[in-house]
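This is a predicted model, so every value here is computed, not measured. By convention here, the first residue in the shown sequence is residue 1. Hydrogens, waters and symmetry mates play no part in the numbers below; they use all other heavy atoms, side chains included.
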Amino acid sequence: MIGKDEVLKLAKLARLSFSDEELDKIMKDMDDIIAFADTINNSVEGDAEKIRNVSLNALPAEEFRDDIVKESLPNEKILSNVNGSKGMFCVKGGI
């Protein structure tokens, strides 16, 4: 179980502050996250083949499509339906 001191140290590093009630909830949530990570680790621990099998579903780089450079739409056309555009920019709140 993660301790209060550890949570407070992490909160300080992240520049966060919590009330006592929030701290209790954060401690429980962090315990749940750590337990989930442990479950994942335990399911593959000692059997690297399970990890390797995941990569079998990925496409090899040779099967990726070729990148084809195409001309983009002109800025004027892209911004033609935008109220308050100025040149090639959208102006918040109009001009």
Side-chain angles (χ1 to χ4, degrees):
M1 181 171 180
I2 191 163
K4 185 175 182 178
D5 291 337
E6 292 169 309
V7 173
L8 289 173
K9 183 177 178 181
L10 290 171
K12 183 177 179 183
L13 289 171
R15 296 180 181 179
L16 300 172
S17 60
F18 302 108
S19 68
D20 288 338
E21 295 161 355
E22 291 172 323
L23 191 60
D24 290 338
K25 183 178 180 337
I26 295 285
M27 287 172 56
K28 183 192 175 316
D29 290 345
M30 290 184 86
D31 277 336
D32 291 344
I33 292 167
I34 292 168
F36 179 70
D38 285 342
T39 302
I40 293 171
N41 288 337
N42 292 335
S43 70
V44 294
E45 193 171 292
D47 189 2
E49 196 59 38
K50 289 181 182 178
I51 297 171
R52 286 188 192 98
N53 289 338
V54 170
S55 67
L56 292 177
N57 295 330
L59 284 175
E62 297 82 32
E63 293 186 29
F64 290 159
R65 65 170 172 77
D66 291 333
D67 286 334
I68 300 170
V69 179
K70 295 181 179 178
E71 191 172 327
S72 172
L73 290 172
N75 288 335
E76 295 78 26
K77 178 149 179 81
I78 294 170
L79 295 173
S80 64
N81 291 325
V82 176
N83 290 333
S85 63
K86 183 176 183 181
M88 55 187 230
F89 300 101
C90 294
V91 180
K92 184 177 178 181
I95 298 178

Asker: Got a salt bridge between Asp32 and Lys28, using NZ or NE/NH1/NH2 to carboxylate O under 4.0 Å?
Answerer: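 Here Asp32 pairs with Lys28 in a salt bridge, since their nearest N and O are under 4.0 Å apart.
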
Asker: Please name the pair of heavy atoms, one in Leu10 and one in Met30, separated by the smallest distance, quoted to 0.1 Å.
Answerer: CD1-CE, 3.3 Å

Asker: What is the minimum heavy-atom distance between Leu73 and Ile78, and which atoms define it?
Answerer: O-CD1, 3.6 Å

Asker: Check whether Phe18 and Ile34 end up in the same hydrophobic cluster, where Ile, Leu, Val, Met, Phe, Trp and Tyr are linked by side-chain heavy atoms less than 4.5 Å apart.
Answerer: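 They do share one cluster, since a chain of ILVMFWY contacts under 4.5 Å joins Phe18 to Ile34.
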
Asker: With Val7 as reference, evaluate Ile26, Asp24, Leu16 under the side-chain contact (heavy atoms from CB on, under 4.5 Å) test and give the passing residue.
Answerer: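 So the option named by the test is Ile26.
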
Asker: Find the distance between CG (Asp29) and CD (Glu22) and round it off to the nearest 0.5 Å.
Answerer: 11.5 Å

